[in-house]
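Here is the structure we will look at.
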Amino acid sequence: MATNRETTLEKQIEKTKKALVALGDIRPGSLSKQYNVCGKPGCSCKADPPKKHGPYYQVSYTRKGTSSSKFVKKEDLPEVRKQIKNYEKMKLLADRWIDLATELSNLRVAKEKAKITART
Ligand SMILES: [Zn+2]
């Protein structure tokens, strides 16, 4: 028979899995804003004070040890922000799942051991 703690852990794992499935699009990385200077002579980006071009938005991320970045159009910012947030949530949920699953596994292994000890 399952103990109370086991049942609680199973329920929490189910909840975590459901939350993971419900996340929607994900994207790793962080957004940054940039202002650039061009090469056009007499451009206001080189005036005093300078009026640089931009802002340009960029999403930077590292996958399998390789860093990349990609420009993001202003109109895509809300979607990309949401995807990045979802990715962070996904990591938190996966961590939670791992913690819950480890505790559950420890409980079950301990129970099996107790059963074997009781038999011998
Ligand atoms: Zn310029």
Side-chain angles (χ1 to χ4, degrees):
M1 212 186 81
T3 61
N4 272 348
R5 185 66 192 148
E6 263 184 86
T7 311
T8 306
L9 286 168
E10 281 167 357
K11 276 184 191 155
Q12 283 172 339
I13 288 171
E14 273 319 300
K15 237 171 111 182
T16 306
K17 284 186 194 171
K18 275 186 190 144
L20 272 166
V21 171
L23 271 182
D25 290 345
I26 61 164
R27 171 177 201 116
S30 58
L31 272 172
S32 61
K33 200 155 86 170
Q34 283 184 352
Y35 293 88
N36 289 345
V37 174
C38 73
K40 215 161 77 186
C43 185
S44 58
C45 66
K46 279 177 198 136
D48 189 23
K51 205 178 159 285
K52 290 184 181 176
H53 303 282
Y56 302 104
Y57 294 89
Q58 212 175 9
V59 63
S60 311
Y61 55 99
T62 303
R63 290 295 292 159
K64 292 172 184 154
T66 308
S67 302
S68 325
S69 62
K70 189 179 171 2
F71 280 107
V72 178
K73 281 186 237 150
K74 212 171 179 175
E75 62 261 37
D76 294 333
L77 274 177
E79 187 57 29
V80 171
R81 281 205 178 102
K82 204 173 141 197
Q83 291 168 350
I84 291 171
K85 219 187 247 174
N86 281 344
Y87 177 76
E88 294 304 322
K89 244 194 233 168
M90 185 269 285
K91 281 199 295 189
L92 287 175
L93 286 166
D95 263 351
R96 188 173 154 71
W97 188 356
I98 291 166
D99 288 342
L100 292 167
T102 305
E103 191 184 340
L104 185 59
S105 171
N106 285 344
L107 272 177
R108 286 182 174 155
V109 170
K111 222 166 73 173
E112 274 311 301
K113 226 188 230 165
K115 245 193 250 169
I116 291 160
T117 315
R119 259 188 251 132
T120 52

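Just so you know, ligand 1 is whichever comes first in the structure, and atom 1 is the first atom listed for that ligand.
Across all non-hydrogen atoms, the minimal contact from Asn86 to Leu23 is ND2-O, 2.9 Å.
For the Zn ion (ligand 1), protein N, O or S atoms under 2.8 Å: 4 in total.
Its side chain outside the 4.5 Å cluster rule for every partner, Tyr61 clusters with none of the Ile, Leu, Val, Met, Phe, Trp and Tyr residues.
Residues meeting the side-chain contact (heavy atoms from CB on, under 4.5 Å) test with Arg5, sequence neighbours left out: Thr3, Thr8, Leu9, Glu103, Leu107. Legend: residues meeting side-chain contact (heavy atoms from CB on, under 4.5 Å) with Asn106, ordered by chain and number and at least two apart, are Thr102.
Looking only at atom types and distance, the side chain of Ser30 has no donor-acceptor partner in the side chain of Ser60 under 3.5 Å away.
The NZ atom of Lys11 lies 14.0 Å from the CG atom of Leu100; values are rounded to the nearest 0.5 Å.
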